[in-house]
Structures are given as C-alpha cells and as structure tokens.
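For reference, the structure is listed below as structure tokens.
Convention: sequence-line order gives letters A, B, ...; per-chain numbering from 1. Model, not experiment: these values are computed from the prediction.
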Amino acid sequence: MTVQELPGAAAAYRPTPPPAWQPRTDPAPLLPDPEPYRVLGTEAAAGADPELLLRLYAELVRGRRYNAQATALTKQGRLAVYPSTTGQEACEVAAALALQEQDWLFPSYRDTLAAVARGLDPVQALTLLRGDWHTGYDPHEHRIAPLCTPLATQLPHAVGLAHAARLKGDDVVALAMVGDGGTSEGDFHEALNFAAVWKAPVVFLVQNNGFAISVPLAKQTAAPSLAHKAVGYGMPGRLVDGNDVAAVHEVLSDAMSRARRGGGPTLIEAITYRIEAHTNADDATRYRGDNEVETWRQHDPIQLLERELTERGLLDDDAKQAAADAAEVMAAALRERMNADPALDPMDLFAHVYAEQTTQLREQAALLRAELDAEGEAR
Amino acid sequence: MTTAAVKPATMAQALQRAMRDAMAEDPTVHVMGEDVGTLGGVFRVTDGLAKEFGDDRCTDTPLAEAGILGTAVGMAMYGLRPVVEMQFDAFAYPAFEQLISHVARMRNRTRGGTPLPITVRVPYGGGIGGVEHHSDSSEAYYMATPGLHVVMPATVDDAYGLLRAAIASDDPVVFLEPKRLYWSKAQWSPEAPTAVEPIGKAVVRRSGRSATLITYGPSVPVCMEAAEAAAAEGWDLEVVDLRSLVPFDDETVCASVRRTGRAVVVHESNGFGGPGGEIAARVTERCFHHLEAPVLRVAGFDIPYPPPMLERHHLPGVDRVLDAVARLQWEAES
C-alpha cells in the first residue's frame, strides 16, 4: 500500500527526499580502475627512472634471499615462526622505498621485509619472531612502528600519528600495511573512516595475497575489489599489480605525495600472491592446488623486472650476479648472527611495565632475583 | 599565599577544570571523544574546552571507541597526550582490544622506547537510572591488565588532583569517574585547586578503631554514611578510600587493618571475580595474625547490571554495609 492509498492521505502528501539524501560527492573519481595498474611490460615503463628500477631490483633480490634465509632459520629452530613474503617482495620493497626519511611505516607481522628494506637491522627486525623481546628496535629511531600481530589494529595508530604530525605542521606521511584478511576487521573500517574525516596524511596498502591463512578472498568479502571499499569512506581507491614493483612504487608515491599536499588518505589494493604457506605451522596444500601456485610463479616480481631491465639493456649477467652476491653476503651475515644465542636479562621482565615500578613489581623482582641467585649458587 | 575564593563546586566542574588547566599548561594535551566538543560531553565534563582551545585540541571524533583509542595511540606515539572519553562504561568495550593489546603493553613491547601517556576517561557505575549498558562497573577488567593504571576519585578534590596526575602520567591511566558523584558538591577553590598527588596512594577518610571499610569511587560516600550510622551502635569504623586499584596501596590498607583487626571491602561491581576478592586476599596474606575475623566483601550481586527500577536492590547501601560490620563479631558467633 502506497502513501497515496492510505485513507485520508490522498490529496497533498508529496514526499521529497530531505537534503541529506542527495549524493554528497560524485563517487566516480574515487572508484578504482577495474584493471590493476601495471608499468613493467607496458608503455608506461619507458617513463620509469632506470636508476630507481635498478635499486628496486637489488632490493628485490636481497628480499627474496632474506625470505629464504628466514624460512631456513625457522626450520633450524632459530626463529619461532616466520610469515614469508616470498612472491610479495615487490610490495614490501616498494613500500619501504616510497617513504621519505621522516615518514612512518606501520607494518603487520608479515612485513618484516619492508622494515629491513627501510634500513632496519635484519636481526633487530626478527626479534619478535625469534622469541626474543617483542620489538627489537626503537620505533622512533627508525620511524617504524612495532610489527603488529593483531589484525588491522595498527591502522588507527597510523592515522593518529599522521593526524598529530599534521597538527604540529610536520611533513610526515604514515604508510599502513595490512593483508586482505585484515580488511574484514572493525579496526580497518574505523581507521579508514577516521583518516578520511580528518583528511589525515596516511596511505593504506592492502596486500591481497589471496588467502587469510586458508580462507580465500571470495569467502572474505563480497566487494568487487578491496580497493572499492575506499568509496564508502570518501577516499580514492587504487588497484595495482602487486608483483609489478615499478607500478606499486609509483602508485604508493603518488598517494603519498597527495597526502603530503593535504589531499588526504588513499586506499591501495596490491594484488599479489603468497607463494609459501602462511607460516611454517601451516599446510597450504590443504586449501590450494599446485597449478595455482605455478601460475603465480610465472608472474614472479623479480622475473618481471628482470625481463624489463634486460630488454632495455640495463641489466646484464654480471649485474645480476653482483646483486645475487650482495644478497648472499647479507644472508651469510644474518645466518651467523642468528646462530648466536641472545643473552636476555630476566630482570628486564619488570623494567618496562610502568615508568616507575610499583611496590608489587619491586617485590616480584626481588623474588626473581633471589631465584636467579639460588640458581647461580647451585650451578 | 593568596586566599582563593572557596565555593561549592561539583565533581564534574573539578574534572573540567583539571582538563582545562592541563591543556593551558601543556599544548600537547588533547581531549577527544564522541560529543566532547560542541556539546561539552553528555555530562558536560568537557564543557567549554573546544571553545577555549579549538577543535584541534578538543575534538569531536567519529562514533567509534576502538578508533578513538586507536588513533590516540598514534597521537601519543607522536608526542601528544591524548585524554579520551568513552562516554559510558559499557561503550568502552569495543576499544578493549586497543586498550589491552596495545595501550597497556606498548611501553613493555618496545622496552621503554614508546611509552603511551594516554588518559582514558570512563564515566562509570550505576545509581543514575541509566538504561542497559549505561551503568557497568568495569574496573575488574582493567585491573586484570598489567600496564594500566586504574584510578577513581570519590571527592571533588580528588577529581581534580587525580585527573591532573593521570594526564601528567607517562603511562596509560584508566580514569573511572563515578557518574552518580558527578553532581556531588564540595567547598572547593578553582583558583587554587587541590595539590596533585602521585597516583597509587590510598587515603584514610575517617579514622576509627573497630574495623576498616576498604572502598573506592561511588561506594566511598556509602561507607562514610555507614560509619556515622555505626557509631550509634558503638562501632568506630575507619574508612579507607583506595583512589587507585593499580597501583594498589598495600601499605595504607594493611596499616589500617592491623590497627582495627577487622575489614570489609565495599564496592558496587559484582563480587565474584571482582576487586574485593583480590583485596581480601592481599589483606589476609599480609595481616592474618592481626585479623579477628575473615575479611568480608560487600559487593553488587553476580548479575548483569539490573534495570534502573531494580538497581537500588543491587547496589550495596548503608544497611548492607552495616550487616557485614555486624558479622565481624566473629568470635561471638563461632
């Protein structure tokens, strides 16, 4: 029954939508292009800076070796766990290199490589995964937030930091990294909403690597793409080929420049693939086939760039060997340092709970001290 | 020393003044939350702050508690001192992951590299006729999480002094504001406000020799009234206002119990798994030989917070406290 059919309502009632019902902005400019942006193998590659491409290449090769070494350390029991980014190195490396010195990186637990590519000591970057202290570095020294294990909870931190920097008039952009699974979390929504409302200088990079442990994207979201989610917050969404390091770097750099100019946040979805299992505790054969993995191996980020550089005469066998050698040196040093047992001070358990220890913690510290002394005497 | 005007002030006014003074002294102090700006908060505790300091210093945020606290973490990482409001106790629950997984442990996980000076203001507790989700006593959740300070004022003086101390603290403080005391008044001087005391000191509100009532927040006035009533029956009760659950002032509490030999813990949150169990255990461990009777607890019932029409049966009142005091005559009964 319509309004007009109601008894007595026949004559005058003409509902008009109140003003709030009008679209506030045209969503079209915010929508991502349906095709992921690509540079390598396209005409756009001609515009890419050769020096940057070579730097990215060296970092990719080093990153791949780092992933392999860290995975090996897990098998040797030197790391409690390592979530590999093999196959995703382009996103990790591009993220680190798109940042300026004063910018901040907010990594998820899978983004150790991004932190290393930003210049963090590889051993310091691995303390969490080694079972040593939770964060092995001073976040302020490197402007890298602690690796974040809960999903998407670091995203609002990035927004708050970027907002605070802007309030102080500082030229700082925060880059927040999250996986496809993390986009289902409430904190993802709240972070994007706050960022857009505050026009915070923050860039969200979603690495869509196909699976949240075992759950494929189709069971994670019904959205046309993860980048589409941006429209609902009033920020632009961009889709990029996550294995094309030049494309990821360009899209990230554009978004960061925009944020720097006061243009507000951007949501970027990089489409990539996790070649290895979620971690060493995961059996990936239970939820995906070899064919799928093989297809993605054919779209490898290092090979894509190598092909481009070789065709343009920028990379010969000697240069490739030099990159491989440099990566090997890094891996050997990492292996050697990780094979030394870290010396932890048990008394540190009480050192950083509060700025000033409570009476209770002082008592507990005394108890542990006595236990340690007794152990020492028994030895 | 100038004599400042002393006049009646409410706890809400003292809290507002604490934020205002902190903001005036320190440009890094930022107040944020839902409705804290233009409206001045639903309890008017942030009244006038946006007008005086601007929207960037007193910010109406989107309606999202995890987002409010989560962005405050990032702001604190960049050197600000956020004071966030959770509006009502049960509204804070969406922010628990941020509170527990990040706020409480950021100092620890970064080995002191990233302390978070965040004050989380939570209007809490019952007795104002609030509908469901507006009257919870959530202190046990907070005190179970290492890394947080848990503070609750019971007087106008403490509202000012403790909030100033909380904002000045380099550690996160969950600051629980007893809603039903917002409009309680005291003679108070806004021009020469209370001294700011370090967090973690309990205070003896009333001296007595027969037994100690250990309490905090909204139950302090109840215990003071009970102590007056008990005097008529020959009980000389001491009332200890904890003011802070974390850190816990064992010294003041135990010194009192050793003097009196008897203790009742009084709070309005539920008894099972509540703060009273922890307090009773601490007192027993430290004062066993001084005790003439078991440490008793007077708490809210172990039920979800009741509807307003029934809350008077749930909240511990003077009579229930006096009944417990009567049960402290342990030797006579056993």
Looking at every heavy atom in both [X] and [Y], which two are closest together, and how far apart are they?
| X | Y | answer |
| --- | --- | --- |
| A/Glu190 | B/Ala64 | OE1-CB, 3.2 Å |
| B/Glu97 | A/Pro150 | OE2-CB, 3.3 Å |
| A/Ala355 | B/Arg107 | CB-NH2, 3.3 Å |
| A/Trp133 | B/Asn108 | CZ3-O, 3.5 Å |
| B/Arg109 | A/Cys148 | NH2-CA, 4.2 Å |
| A/Phe194 | B/Ile68 | CZ-N, 3.5 Å |

Using a 4.5 angstrom heavy-atom cutoff, name the option from A/Asn193, A/Asp170, A/Thr149 with the most pairs to chain B.
A/Asp170
Options A/Pro156, A/Pro139, A/Gly136, ranked by heavy-atom pairs under 4.5 Å with chain B, top entry
A/Pro156
Measure distances from [X] to the heavy atoms of chain A and classify the residue's part below 4.5 Å as side chain, backbone, both or neither.
| X | answer |
| --- | --- |
| B/His149 | both |
| B/Thr59 | side chain |
| B/Pro62 | both |
| B/Ser101 | side chain |

Evaluate the side-chain contact (heavy atoms from CB on, under 4.5 Å) criterion for residues A/Val172 and B/Tyr78: first the C-alpha distance (whole Å), next the side-chain angles of each, then the deciding distance (0.1 Å), finally the verdict.
CA-CA 11 Å; A/Val172 171; B/Tyr78 206 77; 3.6 Å; yes
For [X], does the [atom1] atom sit with more than 12 other heavy atoms under 6.0 Å from it, leaving out its own atoms?
| X | atom1 | result |
| --- | --- | --- |
| B/Glu251 | CD | no |
| B/Asp55 | CG | no |
| A/Lys168 | NZ | yes |

Side chain of A/His140, backbone of B/Met77: donor and acceptor closer than 3.5 Å?
yes
Is a side-chain donor or acceptor of A/Tyr354 paired with a backbone partner of B/Leu148 at a separation under 3.5 angstrom?
yes
Distance, nearest 0.5 Å, that separates CD1 of B/Ile199 from CD of A/Glu356
11.0 Å
When rounded to the nearest 0.5 Å, the distance separating CZ of B/Phe248 from OG1 of A/Thr359 is 11.0 Å
What part of [X] is in contact with chain B, defined as an atom under 4.5 angstrom from a non-hydrogen atom: side chain, backbone, both or neither?
| X | value |
| --- | --- |
| A/Ala165 | both |
| A/Leu128 | neither |
| A/Ala351 | neither |
| A/Leu147 | backbone |

Check the pair B/His102, A/Thr153 against side chain to side chain donor-acceptor pair (under 3.5 Å), reporting the backbone distance first and the verdict last.
CA-CA 8 Å; B/His102 294 294; A/Thr153 51; 2.6 Å; yes
Who wins among [options] for the most heavy-atom pairs under 4.5 Å with chain A?
| options | value |
| --- | --- |
| B/Val246, B/Asp250, B/Asp171 | B/Asp171 |
| B/Asp249, B/Leu69, B/Thr114, B/Thr28 | B/Thr114 |
| B/Gly112, B/Pro27, B/Gly147, B/Gly113 | B/Gly147 |

Taking only Lys NZ, Arg NE, NH1 and NH2, and the carboxylate oxygens of Asp or Glu, determine whether B/Arg282 and A/Glu363 approach each other closer than 4.0 Å.
no
